[in-house]
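In what follows, a single structure is set out as structure tokens and then discussed.
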Number of protein chains: 2
Amino acid sequence: MSLSNEVLEAHDGASKGKYTIGLGQDCMAFCSEVEDVISMSMTAVTSLLEKYGVDPKQIGRLEVGSETVLDKSKSIKTFLMPIFEKCGNTDIEGVDSSNACYGGTAALFNCVNWVESSSWDGRYGLVVCTDSAVYAEGPARPTGGAAAVAMLIGPNAPIVFESKLRASHMAHAYDFYKPDLASEYPVVDGKLSQTCYLMALDSCYKSLCNKYEKLEGKQFSVADADYFVFHSPYNKLVQKSFARLLYNDFLRGASSIDEAAKEKLAPFLSLTNDESYQSRDLEKASQQVAKPFYDSKVQPSTLIPKQVGNMYTASIYAAFASLLHNKNSSLAGQRVILFSYGSGLAASIFSLRFSEGEHPFSLSNIATIMNVSEKLKSRHEFPPEKFNEIMKLMEHRYGGKDFATTKDCSLLAPGTYYLTEVDSKYRRFYSKKTIENGTIANGH
Amino acid sequence: MSLSNEVLEAHDGASKGKYTIGLGQDCMAFCSEVEDVISMSMTAVTSLLEKYGVDPKQIGRLEVGSETVLDKSKSIKTFLMPIFEKCGNTDIEGVDSSNACYGGTAALFNCVNWVESSSWDGRYGLVVCTDSAVYAEGPARPTGGAAAVAMLIGPNAPIVFESKLRASHMAHAYDFYKPDLASEYPVVDGKLSQTCYLMALDSCYKSLCNKYEKLEGKQFSVADADYFVFHSPYNKLVQKSFARLLYNDFLRGASSIDEAAKEKLAPFLSLTNDESYQSRDLEKASQQVAKPFYDSKVQPSTLIPKQVGNMYTASIYAAFASLLHNKNSSLAGQRVILFSYGSGLAASIFSLRFSEGEHPFSLSNIATIMNVSEKLKSRHEFPPEKFNEIMKLMEHRYGGKDFATTKDCSLLAPGTYYLTEVDSKYRRFYSKKTIENGTIANGH
């Protein structure tokens, strides 16, 4: 289900462009009352297995990254197990990884390490990122979103980790957290969170550059990667972040900064680190310097995040999927740098390399199967009134028991799982919408 | 803080032996109002680093396993980062892993895989299991407990994974879960949970035996391991579980079962799988058969779990620590099989081998540093009335904000961290009790 940010601005009485230009966001997806992070991940996993013809028995590890808590003990991964249990496969390692929007990256790293470890048993790993980002009524509400992404991990892949080009920045911060356990909504300090994000980016980028320089014996700059993909709570922060990398390159005297750029950034050379996060003039100047690079290296990864909103753990991988969608087979041989951020805080920057890959895992086939344009087009737009109504209902039901949903799956695509009931013992029941518009019950 | 189960029986008006023999538990630890899973893990981590002389800069990965949720987004790992931040080390991968009592095992596997992967940077990994197990008043309350365990992971260790001897069983179950987000207490189906545990054990053991037989070309039986360590919600289940392995060996015609044992178990040969989980006669007969093996192979790992209670993610590693404590350097060359279980459900069986190790990481030095007997002796026993009073206060404070604790750390050992305040923004503040009985504030 989706919502237009232009329509939402008007409805909220916000100034024109506040969401669309201020945040840089076009639309926002949300879960209706028949969907949640479990149903979305069931859909993503079964869809991946079916579309690539992967036998569920071929999965040896399954991990979920999420920050949307429906149960504080039982992992989302266990809700996905029936897909494998019915094929007799219960020997599947991995549980849920969690730290705000970073959990999916932790799950991905874990899964890749497993394939490289002596305990790997030759089967595929599967990583799922699933989240529903909802905010209390007020200025943060338009920064919501919802999505699940599934990724298959194995040897001879068309997308390969450059495992030595990785750096993390982890610290203790209260920028965004969810201490009110009874509420689905986070406690957010928006300004602090943005600063934490940019500080973590600086720290990771510096460390990555140092590691690259030790390894390769030459300086690293944004010119050394073809694309950059960022965790995207809203597009404006992605613009600022990429500009920040250029500012870093400027301070490091890197080759990506030509004479004209040096001149533009010279006034900011003497800023303290703290001042640099606050300076609007620096923000403007560095975005100007970054603009041509941004258009070629970043813009191709912004489609889905701008259309779907903040997807928390899924955000960076939906951005990555946008790049695959836009550039598909032309990516072979190229390098992409990804920056993953989760409040609290955990952040990593890492490098991937593309190769052609072999069917069905070729870059072009992946783009075909993802079918991004069609999927975005087929969404159902809701008016803000209806959206707020659904948010109210979801607020009421969060953490609740003993209710049935409408079971109305008329707006869902065939193959989509949906929530039918939460019983008196809080047990959740799901069904799958079949191709023929009927449904298959899957028990709980 | 601890509680005697014999005293608790009398206080609760339970029949004599209900907790001590029925559950097989001697005592139970609990967090007082100045402790929680975060303070316990801060204490465990700083204690490990100090006692082994490990520089915080030497840690490249830190992961936490826990099912005690104080925040639904911000990981416990981030609360531990100040220990490393003050040394300038923020490049530390890993977040929290979660699925009931299994999260610590997931974190451990992830950390070991990291050391074996191409992204390992030569530094140590650190795994922390931390949980506070509390139950609503009623029959489950005496199955509580509380603990944190920290484990250092690196090459050339005295405890080595036999990585090919590992099997998992993951499935969708509602045996124990925490869907009531506002409450610290779980929803538990005790009988179902026990059956799920034993079914998962059977499945893992069968799969382990198959893998061993493929690898080694000979049959596996309990005789092929020197020790067995189980996740221990209460000791009685450990007794039943080990007996279940003997029953499995019997059904498989394994060499561990002599003629006398065969005779005792013969009446149960025709039971269906379901019947076998329900049969009290089989339970009794198999425990008789298992008894001599239990005393030598299992009993050495039962000390801490019997004294501290259910420690959720820390339980199996506290059992493992008991084995190190009891057998220390005699373990060199021996094999131990561990079974980790988390409701929901996730379970793995895996094998470790011991070697002498080099100082400070020799088996005997590890046992000396753990100092288990002294630590158990120095605990403070509380009467049940005081325990219930504290439980009430904690119930009230769970998920709350804007309160200060008594800051009374008189009963805590020097070096212990404790909670001082949760402010109006739910931010948590901790201090550390110094050697001189003063305290150092560490901010938040």
Side-chain angles (χ1 to χ4, degrees), chain A residues 67 69-75 77-79 81-82 85 90-100 102-103 106 109-110 112-114 116-119 161 163-164 166-174 176-182 186-187 203 207 343-346 348 399 401 425-427, chain B residues 67 69-75 77-79 81-82 85 90-100 102-103 106 109-110 112-114 116-119 161 163-164 166-174 176-182 186-187 203 207 343-346 348 399 401 425-427:
Chain A
E67 60 160 292
V69 172
L70 295 176
D71 191 288
K72 293 182 294 178
S73 169
K74 183 173 161 59
S75 64
K77 186 258 179 83
T78 63
F79 285 95
M81 282 310 300
E85 287 178 68
T90 60
D91 191 1
I92 302 183
E93 288 189 13
V95 291
D96 290 5
S97 282
S98 61
N99 183 90
Y102 183 85
F109 286 2
N110 290 340
V112 171
N113 289 346
W114 172 70
E116 292 186 348
S117 79
S118 65
S119 57
F161 272 76
S163 54
K164 295 297 177 202
R166 185 196 290 187
S168 295
H169 179 81
M170 308 260 172
H172 177 41
Y174 280 109
F176 164 111
Y177 49 120
K178 293 180 176 170
D180 182 355
L181 303 171
V187 173
S203 173
S207 179
S343 293
L345 63 86
S348 295
K401 59 177 172 177
K425 287 183 170 165
Y426 296 95
R427 292 178 300 190
Chain B
E67 61 160 290
V69 172
L70 295 176
D71 192 287
K72 293 181 293 179
S73 170
K74 182 173 162 60
S75 64
K77 186 260 181 81
T78 63
F79 286 95
M81 282 311 300
E85 287 177 68
T90 59
D91 190 2
I92 302 182
E93 289 190 9
V95 291
D96 291 3
S97 282
S98 62
N99 183 88
Y102 183 86
F109 287 0
N110 289 340
V112 171
N113 289 346
W114 172 69
E116 292 186 348
S117 78
S118 65
S119 56
F161 273 74
S163 55
K164 295 295 178 202
R166 186 196 290 185
S168 296
H169 179 82
M170 308 259 174
H172 178 41
Y174 281 109
F176 164 113
Y177 49 120
K178 293 181 175 169
D180 182 356
L181 303 172
V187 173
S203 172
S207 178
S343 292
L345 60 90
S348 293
K401 59 178 173 177
K425 286 182 171 163
Y426 297 95
R427 292 179 299 191

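In what follows, chains are A, B, ... by sequence order, proteins preceding strands, each numbered from 1.
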Qualifying residue for side chain to side chain contact (heavy atoms under 4.5 Å, CB included) with B:Asn110, from A:Val95, A:Asn110, A:Asn113: A:Asn110
Least distance between heavy atoms, A:Phe109 atom then B:Glu93 atom: CD2-OE1, 3.9 Å
Contact winner vs chain A - B:Asp180, B:Leu70, B:Asp91, heavy-atom pairs under 4.5 Å: B:Asp91
Least distance between heavy atoms, A:Leu181 atom then B:Gly399 atom: CD1-CA, 4.0 Å
Residue A:Val69 versus chain B: region with a heavy atom under 4.5 Å: both
A:Lys401 versus chain B, the contacting section by heavy-atom distance below 4.5 Å: neither
Most contacts with chain A, counted as non-hydrogen pairs under 4.5 angstrom, among B:Glu116, B:Met81, B:Lys72: B:Lys72
Structural part of A:Ser203 lying under 4.5 Å from a heavy atom of chain B: side chain
Choice from B:Ala106, B:Ser98, B:Ala100, B:Ala346 maximising heavy atom contacts with chain A below 4.5 Å: B:Ser98
Interface moiety of B:Ser207 toward chain A, non-hydrogen atoms closer than 4.5 Å: side chain
Heavy-atom pair of closest approach, residues A:His172 and B:Thr78: CB-O, 3.2 Å
Distance (rounded to the nearest 0.5 Å) between B:Leu345 CG and A:Lys74 NZ: 7.0 Å
Aromatic plane relationship, B:Tyr174 with A:Phe79 - under 30° parallel, 30 to 60° tilted, over 60° perpendicular: perpendicular
Largest heavy-atom contact set with chain A, pairs under 4.5 Å, which of B:Ser348, B:Ser163, B:Gly103: B:Ser163
Note, A:Val112 side chain near B:Ser117 side chain (heavy atom, < 4.5 Å): no
Among B:Ser75, B:Ser343, B:Gly344, B:Pro179, residue most engaged with chain A (heavy-atom pairs, under 4.5 Å): B:Pro179
Side-chain heavy-atom pair B:Met170, A:Thr90 within 4.5 angstrom cut-off: no
Closest non-hydrogen atom pair between A:Ser73 and B:Phe176, with its separation: OG-CE2, 3.6 Å
Selection from A:Lys425, A:Glu67, A:Arg166 maximising heavy-atom pairs under 4.5 Å formed with chain B: A:Arg166
Residue, of B:Ser97, B:Pro186, B:Ala171, that accumulates the most heavy atom pairs under 4.5 Å with chain A: B:Ala171
Side chain / backbone / both / neither for A:Tyr102 at chain B, heavy atoms under 4.5 Å: side chain
